[in-house]
Amino acid sequence: MSHSETRAVRLWREMRVSFALALPLVIGQASSMAMNIVDTVLAGRHGPVTLAAVGVGSAVWSVVILVSIGVLMAVPPTVAQLNGAGRRAEIGPVFRQALWLALILGLGLFFVVRAGALALAPMGITAEARPEAEAFLRAISWGAPALALYFCLRNLSEGIAWTKPAMVFGLAGLVLLAPLGYFLMFGLGLGAAGLGYAVAVTLYCQTLALWLYLWHSPRFADLGLFTRFDPPRWAPIRSLLALGLPMGVSVFMEGSLFVATALLIGQLGTTQIAAHQIAILVASLAFMVPLGVAMATTVRVGHAVGAGDPSAVRWAAAAGYGLAMIAQTVSAVLLVVCAGWLASLFTTDPAVIALATLLMAYAAVFQYPDGLQAMSAGALRGLKDTRVPMFITVFAYWGLGLPLGYWLGIVGGRGAPGLWTGLILGLSVAATLLGWRFWRLARRPLARVGVT
């Protein structure tokens, strides 16, 4: 067998391993995103004003999701490196401190969402959609602590390369949300607020169920996760924050680019708000595939670092890039071919469908850079390299992407399509710089990468 054939066989084998690890994560992430889609579909059936209100409220709520995901992303690489190094006895104490961090984070984000509801008027959100958006945010804010705890529990499981709970509990939450949201919105007549309460209740149910699973599953018995009560200790929490805060900023910079875009579009009327909400939800659902692959790559790279195997680090990343590019090709084709049909699933308004279809064409363009930046960020997290990626994302998304989008969409009068052009630029720059950063570090000895 030739050298090139040997490398091809190795890559295929690595891709199969990553696929098996990533598939439950993809399904779990898609289930979480589908909760937003359920909200959007129900809101669209309630009326265009409710749809616009949920679109604005979801943009603010997504900040909570992004911050929770980002900060608590410190858990998987920490656990994966300890697991790869054979130091499993140290996982339980770290996890208990991560729970304290998640609880504090969730309580803080509760007040952030409440403040967001009060800030809609100063942001210039259209008065027609504002009351319902405020009600949605006040209701969903109660779920912030549960959301942070759920991510902490799930990340522990993913860190030891057991990803099926993300799939099972994600699907269970989706099954609960749909009828509960319908009942609260239509049955009790709560409108957008009903959807917010439904999401909050679902999050608490998911968190409790996953907690009980980790407590009783034999797979986690040797970790001693709940064998004792540990009070919060600043040293390990500080270590998690040192790793997680730059991740949180990076994830927030990307996500807040989309949030800021949604809020700017919120000044342009209900048709553009509704069309943007539909298109961004479809694009976000497609993004769950490379995101799941990136999360699996974080675990695989972290495990290889813990085991001291630099070759395995590079192969794990290569497998992730391969899977992500296949997924993004499929997504781009579907976004072009099926855009009109997808938009019609959410609304019957012809103007909204036409604009959403156009925006999905823009989404098809940024599939590749979006997948590449997600993969590079995931691989860098496995190396525990977080500070430089933070600066890269700030520059790409807020230094370039948002200013261009604002200039084209608001100043230049191109509306939502102009703002989406800014998204494409920001993602493309981030993909280029993050990819360069990872492969530069991956060629170094692990001791020089600065990982432990």
Discussion item. Check whether Q272 reaches the backbone of A416 with its side chain - one donor and one acceptor, N or O, closer than 3.5 Å.
Written reply: yes
Fill in: E134/R130 ion pair, N-O < 4.0 Å
no
Worksheet, complete the sentence: Tightest non-hydrogen contact, residues L264 and I410, listed as O-CD1, 4.1 Å
Worksheet item: Looking at side-chain heavy atoms only, is the closest gap between L241 and W234 below 4.5 Å?
Response: yes
Worksheet entry | Backbone N/O of Q328 and side chain of Q367: donor-acceptor pair under 3.5 Å | no
Worksheet item: Taking all non-hydrogen atoms of both residues, which atom of L51 and which atom of A274 are closest, and how far apart?
Response: CD2-CB, 3.7 Å
Worksheet item: Taking the side chain from S376 and the backbone from Q373, do they hold a donor-acceptor pair closer than 3.5 Å?
Response: no
Worksheet item: Does D370 reach the main-chain N or O of F287 with its side chain, forming a donor-acceptor pair under 3.5 Å?
Response: no
Worksheet entry | Sidechain-backbone polar pair: T298 side chain, G378 backbone, donor-acceptor under 3.5 Å | yes
Worksheet entry | Flag, side chain of E132 to backbone of A192, donor-acceptor distance under 3.5 Å | yes
Fill in: Residue pair Y397 / G426: nearest heavy atoms and the distance that separates them
CE2-O, 3.4 Å
Item to complete: Using the six-membered ring wherever Trp is involved, compare the ring planes of H276 and W420 and label them parallel, tilted or perpendicular (cut-offs 30° and 60°).
Response: perpendicular
Discussion item. I'd like to know if the side chain of T163 and the backbone of L21 have a donor-acceptor N/O pair within less than 3.5 Å.
Written reply: yes
Worksheet item: Is there a donor-acceptor pair closer than 3.5 Å between any side-chain N or O of S157 and the backbone N or O of R154?
Response: no
Discussion item. Can you tell me which residue among M15, R10, R16 is in a side chain to side chain contact (heavy atoms under 4.5 Å, CB included) with R13?
Written reply: R10
Discussion item. Could you check whether any side-chain N or O of T432 sits under 3.5 Å from a backbone N or O of S428, counting only pairs where one atom can act as donor and the other as acceptor?
Written reply: yes
Discussion item. For the backbone of E14 and the side chain of R300, can you confirm whether one donor and one acceptor N or O come within less than 3.5 Å of each other?
Written reply: yes
